[in-house]
Amino acid sequence: MRRLLLAFVVILAATWAVGWHVLAGRVDDAVGLAVDAASGPIALACGDRTIGGFPFHIRLECHGAGATDSARGLSASLRTMTAQAAIYRPTTLALDFGGPAEIGGAALPEPVTLAWDNADGSVATAGDRAAIDASGLKLAWRELSLAFGSLNAEVAPSGGSGQWSTVAARAEAVAAEFAGTALPAFDLDLGAEVAAPAAALLTGSVEPRADGLDISALRLAIASGSLDALLSGDLAVSPDGIPHGRLTLSIADIDRLPEFVALLPEGARGMANTVVAGLLAFGRSVERDGRPAREIDVVVDRGKLSIAMLSAGRLPPLW
C-alpha cells in the first residue's frame, strides 16, 4: 500500500512538473509572439525575459521592458517588469516594477523621468481592472518635479453595461516644484466615473480626440496644512480638448485660508485671491464632515472659467 501511495505521489509530481513546463513554454511563446509580431500602433518590448515560479506560479520577468505608441508619438521604457500569476488563481496577474523609467517620443519636447523606491500592482487577465501602489515616487519633466510619499491608483468597470469605468487615485505627502519654486506639500484624493470601458482606458485605445470624453461624479479633495478643499461635479471634454461643465468648490474652515494663500508662490496668489473673494462674497455656508465650510459654483463654459460671478480666465485645451 505504501509503495502504491509513493508511486502515485511520484507520478503526480512528475505530471505536475511536465504540465508546468509545458504551460511555461506556451506563456514564453505567447509573449515572444506579442513582442515580435506586434500589429497596429502599439509595439511592445521585452529585452531579456525569463520564466520561473515553479511549482505553483508562472512568473515572467522582462529586463528592458517598454512600449511604443506610434499613433500618439509616445514611448515608455523601464528597467524591469515582473508579472506573476498563481496557477490556482489565473485570473489575476501580480506586477512588480523596477525603475527608473522614462516616457518620451515626438509628442514630448523632453522625456519624463520617473524613479521610485517600491512599485507593484495587479491586473485582471481579462484586461478590465488594474491597480498600482508606489512609494517614494519621483517624477521630473523640464522645470517640473513631483515627489510622492505614496501613490495608489485603480481602474475598474462601473455598472453593468461595461461602458463606464471607475477611476480612483490617492497620493500622500506630495511635494511639487516648478522653475525652482516649491508649492506647499499636499495630499490628494481623486475619484470619477469615466464614459469609457475600463479595458479601453488601460490599453490606451480610447479616442477622445474623435468622441470627446464625459466625466461624472468627479471628486477631487486636496488637503495642505490649513487648506481643506473639495471640488466635485460633472465635466465633459470636447473632441478638441475643451472642457465644459459645472462644478462645486467647497473649502472648510475658510477663516484659515489666508494662511495657505500666503505660502503660495507670488504668481499663484492672483487665482487664489479670486477664489477667496468669490467664497466670501458669493459662497454658501454649508457643513462638511461636521465642519463649517463655504461653497461656490465653478462654471467652465467652453474653456472659460468662472468662479461664482467672477471671471478667472480660460483653461487650456486638455489635448
- Item | Rounded distance (nearest 0.5 Å) linking atom CZ of Arg288 with atom CG of Asp253 | 9.0 Å

- Query: Between Leu151 and Trp116, is any pair of side-chain heavy atoms under 4.5 Å apart?
  - Reply: no

- Beyond-backbone contact of Asp301 with His244, side-chain heavy atoms, under 4.5 angstrom: yes

- Query: What's the spacing between Ile87 CD1 and His57 NE2 if we round to 0.5 Å?
  - Reply: 8.5 Å

- For Ala217, does its backbone N or O pair with a side-chain atom of Asp234 as donor and acceptor, under 3.5 Å? yes

- Query: Heavy atoms, side chains only, cut-off 4.5 Å: are Val174 and Glu172 in contact?
  - Reply: no

- Note on the structure: Residues Ser224 and Ala185: closest non-hydrogen pair is OG-O, 2.6 Å

- For Asp187 and Ala173, indicate whether the former's side chain and the latter's backbone hold a donor-acceptor pair under 3.5 Å. yes

- Which value, rounded to the nearest 0.5 Å, describes the distance between Glu61 atom CD and Met81 atom CE? 10.0 Å

- Specify the closest pair of heavy atoms between Pro317 and Asp240, including all atoms of both residues, with the distance to one decimal. CB-O, 4.0 Å

- Task: State the CZ-CZ distance between Arg302 and Arg314, to the nearest 0.5 angstrom.
- Result: 8.5 Å

- Determine whether Ile242 and Leu235 fall in the same hydrophobic cluster, where Ile, Leu, Val, Met, Phe, Trp and Tyr are linked whenever their side-chain heavy atoms lie under 4.5 Å apart. no

- Item | Check: Leu114 and Phe97 side chains under 4.5 Å, non-hydrogen atoms | no

- Of all heavy-atom pairs linking Leu78 and Ala101, the shortest is CB-CB, 3.8 Å

- Over all heavy atoms of both residues, which pair between Thr92 and Ser122 is shortest? Give the atoms and the distance, please. CG2-CB, 4.1 Å

- Query: Are the side chain of Arg294 and the backbone N or O of Gly283 linked by a donor-acceptor pair below 3.5 Å?
  - Reply: yes

- Output, in order, the C-alpha distance, side-chain angles, deciding distance and verdict of side chain to side chain contact (heavy atoms under 4.5 Å, CB included) for Leu230 and Thr248. CA-CA 8 Å; Leu230 174 63; Thr248 298; over 6 Å; no

- Task: Output yes when a side-chain donor or acceptor of Thr125 lies under 3.5 Å from a complementary backbone atom of Thr91, and no otherwise.
- Result: yes

- Task: Could you state whether Leu231 and Ile215 fall into the same hydrophobic cluster, counting links through intermediate Ile, Leu, Val, Met, Phe, Trp or Tyr residues with side-chain heavy atoms under 4.5 angstrom apart?
- Result: yes

- Kindly work out whether a path of hydrophobic side-chain contacts (I/L/V/M/F/W/Y, heavy atoms less than 4.5 Å apart) joins Val286 to Leu220. no

- Item | Side chain proximity check, Pro239 to Arg209, heavy atoms < 4.5 angstrom | no

- Query: At their closest point, which heavy atom of Leu202 faces which heavy atom of Gly127, and how far apart are they?
  - Reply: CD1-O, 3.6 Å

- Which pair of non-hydrogen atoms, one from Arg79 and one from Gly99, has the smallest distance, and what is that distance? NE-O, 2.5 Å

- Message: Side chains of Glu193 and Ser165 only: does a donor on one sit below 3.5 Å from an acceptor on the other?
- Response: no

- Query: Please walk me through it: do Ile307 and Ile296 pass side chain to side chain contact (heavy atoms under 4.5 Å, CB included)?
  - Reply: CA-CA 7 Å; Ile307 300 175; Ile296 53 174; 3.0 Å; yes

- Query: When rounded to the nearest 0.5 angstrom, what distance separates CZ in Phe148 from OG in Ser135?
  - Reply: 12.5 Å

- Nearest-0.5 Å distance, CG of residue Leu201 to CG of residue Leu213: 7.5 Å

- Task: Count the heavy atoms belonging to other residues, nucleotides or ligands that lie under 6.0 Å from CZ of Arg284, then report whether that count exceeds 12.
- Result: yes

